[in-house]
Structures are given as C-alpha cells and as structure tokens.
Amino acid sequence: MVNRDTTIRDRHRAAIARNQPPCALCGQPIDYRLPHTDPGSFVVDHITPLNRGGTDTLANKQPAHRSCNREKSDRLENPIIRTSGTLK
C-alpha cells in the first residue's frame, strides 16, 4: 500500500482544477460543482497508475470524470474514450 500525503494530494487536486480543464480521457467538460459521488464529477487520474510504477507527482496526474477514471482502471494505456468524435 502506498502512503500518500493528503496535503500534497489536496494541492495537486487544486492545481489541476484551477483552470477547470476537460476530462483528459474523453475530452468532454467536467462539472467541477458536482458531488464527489456523481459519475460526472472531477477526480484526479494517475496517468501511469501507482500500482504499475507511476509516481504520485503532479506530472503524473490529469483531470478525469469519475466514470472515465473507473473505466480506465489501472491500465497503462490511455483508452481515450472520445464520445464527440471532434477530438482526435
């Protein structure tokens, strides 16, 4: 089990959410006001999962919808779940 510092986690979360970027996995906007249990809510995704050797650094984190992050799971490849067809 990886022991993570909650202060750093909260700082990274705030830094990523600051400009309210879209989901890195599907490209769609994220409603940053949704409650954390909502499938469309903002979560931080580890680009390379921790259990696959990724680091808990800001450079290894990106914004995602809760549902997109769950679908990606701990795979190394980024599945890019583009739904609009406008982003390649």
Side-chain angles (χ1 to χ4, degrees):
M1 174 122 193
V2 176
N3 186 13
R4 292 185 262 174
D5 184 323
T6 58
T7 302
I8 292 173
R9 180 199 63 202
D10 292 344
R11 283 185 193 154
H12 288 177
R13 184 175 167 77
I16 292 168
R18 187 170 296 124
N19 295 321
Q20 299 190 350
C23 176
L25 300 175
C26 75
Q28 297 299 308
I30 298 171
D31 185 344
Y32 287 82
R33 300 166 296 170
L34 291 173
H36 71 90
T37 56
D38 190 287
S41 67
F42 164 63
V43 297
V44 173
D45 171 55
H46 286 89
I47 298 164
T48 301
L50 297 176
N51 68 351
R52 300 290 188 119
T55 60
D56 201 28
T57 60
L58 187 55
N60 189 41
K61 295 178 180 180
Q62 62 187 359
H65 293 110
R66 177 171 296 284
S67 59
C68 293
N69 191 37
R70 287 188 59 91
E71 186 171 332
K72 177 187 171 203
S73 188
D74 66 350
R75 290 190 294 264
L76 287 174
E77 71 280 355
N78 189 347
I80 308 294
I81 314 161
R82 305 281 187 217
T83 56
S84 68
T86 59
L87 298 172
K88 303 262 185 216

Looking at [X] and [Y], what are the two nearest heavy atoms and their distance?
| X | Y | answer |
| --- | --- | --- |
| Ala64 | Leu25 | CB-CD1, 4.0 Å |
| Pro21 | Tyr32 | O-OH, 2.6 Å |
| Ser41 | Pro35 | CB-O, 3.2 Å |

Reported CZ-to-CG distance for the pair Arg33 and Asp38, which is rounded to 0.5 angstrom: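 Answer for the CZ-CG pair, Arg33 versus Asp38, is 11.5 Å.
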
Let me confirm one number: the SG-CD distance from Cys23 to Gln28, rounded to the nearest 0.5 Å.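 Here the interatomic distance stands at 8.5 Å.
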
Measure from the side-chain N and O atoms of His65 to the backbone N and O of Pro29, and report whether any donor-acceptor pair falls under 3.5 Å.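 Side chain of His65 to backbone of Pro29: a pair is present.
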
Test side chain to side chain contact (heavy atoms under 4.5 Å, CB included) applied to Arg66 and Val43, Thr37, Asp45, the passing residue: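 Exactly one option meets the side chain to side chain contact (heavy atoms under 4.5 Å, CB included) with Arg66, and it is Val43.
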
Considering residues at least two apart in sequence or located in another chain, which fulfil the side-chain contact (heavy atoms from CB on, under 4.5 Å) criterion with Asn60?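 Asn60 satisfies side-chain contact (heavy atoms from CB on, under 4.5 Å) with His46, Ile47, Thr48, Thr55, Thr57 only.
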
Among the clusters formed by ILVMFWY side chains lying less than 4.5 Å apart, do Ile16 and Leu34 turn up in the same one?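 Looking at the clustering, Leu34 is in a separate group from Ile16.
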
Which residue pairs satisfy the side-chain hydrogen bond (donor to acceptor under 3.5 Å, both in side chains) criterion with at least one member in residues 12-21, sequence neighbours excluded?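 Applying side-chain hydrogen bond (donor to acceptor under 3.5 Å, both in side chains) to every pair that reaches into residues 12-21, excluding sequence neighbours, yields His12-Lys61.
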
